[in-house]
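Have a look at the structure below, then the notes.
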Amino acid sequence: MPGPQERLVAQLAQIKKLSGLSLRSLARESGLSSSSLSRYLTGRLIPPWEAVVALCRAVKKDPRPLRAIWAAASEAGPAPAPRRNDLPGDLFDFTGREAESAQVEELLRTVGAVVIDGMGGVGKTSLALHAAHRLAPAYPDGGLYLDLQGFTPGQEPLDPQVALGRLLDGLDVTHPPAGAAERAALWRSELSRRRALVVLDNAFDAEHVRPLLPGAGASAVLITSRNRLVSLDGVPPVSLAPFDDADAARLFGRAAGLRLDADDAVEQVLRQCGGLPLALRMAGARLRHRPGWSVAVLAERMRDNAGRFDAVFGMSLQQLDADQRRLFRLLGALPGADFDDGVAAALFSGDVVDHLEELVDAHLIEEISPGRYRMHDLIRRYAAELAVAEESDISVNLGHVFDHYLARAVAQDRILPSPQRPRPDAGDPALAMAWFDLEYVNLVACFDAAVRLGADSFVAGLPPAMRVWFFRHRGTDDQTRMLAAAADAAGRLGRDRSPLLADLGFALAAAGRLSEALAAYAAASPDGDLAATLALRTGFVHRDLGDLAEAQTDFRRARKLFEQQGNRAGQSQALAFDGWVTLHLGASSDAVSLALASLELASGPARVPGLLTLGVARAATEPLEEALALAAQHRLPHQEAWCHNCLGIVLRENGFALRALDHHRRALELLKPLAEVQLEIDCLRAYAETCTAAGRPDEALAALDRLRSLTRVASGT
């Protein structure tokens, strides 16, 4: 059932619909500011009662029926953000480790950090998750979990810069800065405002995890590693040894579902398992599923296998039929962190539901949520070795997985609205984005595997299917790498590389790598439907490089091409940016005419560039405020930042430099979590000029220092 705030927002939206007015016109009719009305309609701010009355009067409706809804919403306050919890489930049969558990929990409460180290299979992750679940109420902002893949077979340890991007995404920072140092600083800043518990699993060494540590604040971090991270200052260790006989027997009995008495057979099983919880659970599961067996029979079967730890895995495999054993082998070669039953079915080329249940029962895989599974690193290594030895051509099976993922990605992408897709397929865009969020790690892992295997169709096809997701998550470390590889693959397949090169150029330009962006655009074919878009984007790069006359030529060529295509939105964009460079070339009256022509063709958020050009050309704040309201309403933070920057410029030019500083600061605040390097450069330059005009030389110097740093990063110097 919707809460009071959601009900109030729904009623306000109905009022706007009844009015038949634009946001700006309704704001004018009701005497409200456009930006405030936008926040009321999106639920980001609860309006005062007088504003509700004014809106009702604007549509000639009695406000009194809304009084109770408004009062309930005001009392409840803004709806709290949902509590984030990425933690995998706790083990139902967690056994022993009482002293270690108490030590871990005490260190988290007092120091805020702890690292659990020990050999593979000793139960580090199990203890970490057990402690995290027990302490969850103490961390109201949720729990984050990330596997750093320090020891995952077939995969490189997760780069700290990539890890920081994924952790920041877990805090809904979807556009992290490009540099590792900037990401680490933002990560510490974000955690300092929260009380969250972060579990970093499978760190390779101290340097692997050091950039991921929180700074000041009430958040805590729990790390696991097979290595002792002795150089990780301020993070005390808790080392796990294999179970002693008493705890080992207790866990073995719980896994087997039996009450066991100490005897030679039990001791033999425990000795074969080496006190490792992973092996004990698997041996117990073997016995549980063979009710006719005694512990002595199990011990004998284990002796008949090879005298190494992998023999425990082999024993678990013996209870499976041939198809189940083959699925297990194939899963060892599957790229990614986890998988669902659809991926497993594609890998196996058949029905796998019953097979997966048997693998779960044998503790060979873990079901982390309904229909979703993962495999312990040690077991994955064993399965991969079997696959190499017993499978003739694993690439065929992986090809089926690539086809499955590509089909799913294309289907989810078609649900997402974009300027290139005015009529998306039926479906929930939020759920489509959530699918990409969930599968992103696996999609990238499959992409890299496909590059190694030469699966060019998948390599060329996946990035276009992720175009909208990447647009909303610009700055991901994988984007430019994947697009470059996809363009190469498309060339080998004889396909048109131009759309991929156009996307590559856009990603490079957003990161401030302007010369590389121009090279990507130049390599694309200037013919066909893409020609207008290429001309427009090339104009953006020439504008950012300061080649205004060249940019003007590009924008005018783009306008003609869009006109030939009958693309009104494209024409509007080209006119607006033509007006922008025309203004900066000194022809303000021509710029106003171009901006007005742009606005005649545009609707919705597409009006923002024209409004900004018009506002700056006329030195008027009203068009800029309308643009800001549109950007906020449609949740376009990079455009919000641009609007605030333009408001700062116009206020400074009108003699209000101190008021202008607030807008510049807000622009830079909005840009912090975004990967809009070039836009940040532009905003810093304007901010420094306003600081100088306001008599703030120290702030101006600080802005210029940041500007020089960003410029060096963008240019690679």
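All values derive from a computational prediction rather than experimental measurement.
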For Arg226, give me all partners under salt bridge (charged side-chain N to carboxylate O under 4.0 Å, His left out), at least two apart in sequence or on another chain. none
Sequence neighbours excluded, the answer for ring pair (Phe, Tyr, Trp, His ring centres under 6.0 Å) partners of Tyr145 is none
Keeping to residues at least two apart or across chains, list the salt bridge (Lys or Arg N to Asp or Glu O under 4.0 Å) pairs with something in residues 483-497. Asp456-Arg492
By ring pair (Phe, Tyr, Trp, His ring centres under 6.0 Å) - contacts of Phe402 (at least two apart): Phe458
Any donor and acceptor pair, going by atom type alone, linking the side chain of Asn442 with main-chain N or O of Ala337 inside 3.5 Å? yes
Listed by chain and number, what are the side chain to side chain contact (heavy atoms under 4.5 Å, CB included) partners of Ala432, not counting sequence neighbours? Gln412, Ile415, Leu416
By ring pair (Phe, Tyr, Trp, His ring centres under 6.0 Å), His404 pairs with (sequence neighbours left out) none
Contacts satisfying salt bridge (Lys or Arg N to Asp or Glu O under 4.0 Å) that involve residues 115-136 (not counting sequence neighbours) are Glu105-Arg134, Asp117-Arg228
Sequence neighbours excluded, every pair satisfying salt bridge (Lys or Arg N to Asp or Glu O under 4.0 Å) that has a member inside residues 399-414: Asp413-Arg421
With sequence neighbours excluded, what pairs up with Ala113 under the side chain to side chain contact (heavy atoms under 4.5 Å, CB included) test? Val221, Val235
With Arg195, which residues qualify under salt bridge (charged side-chain N to carboxylate O under 4.0 Å, His left out), at least two apart? none
Could you tell me which residues satisfy salt bridge (charged side-chain N to carboxylate O under 4.0 Å, His left out) with Arg326, sequence neighbours excluded, listed by chain and number? Glu391
In terms of the angle between their ring planes, are Tyr440 and Trp469 parallel, tilted or perpendicular, with boundaries placed at 30° and 60°? parallel
Check: Ser219 side chain, Leu197 main-chain N or O, donor-acceptor pair, under 3.5 Å: no
Taking ring pair (Phe, Tyr, Trp, His ring centres under 6.0 Å) as the test, write out the residues that go with Phe252, two or more places apart. none
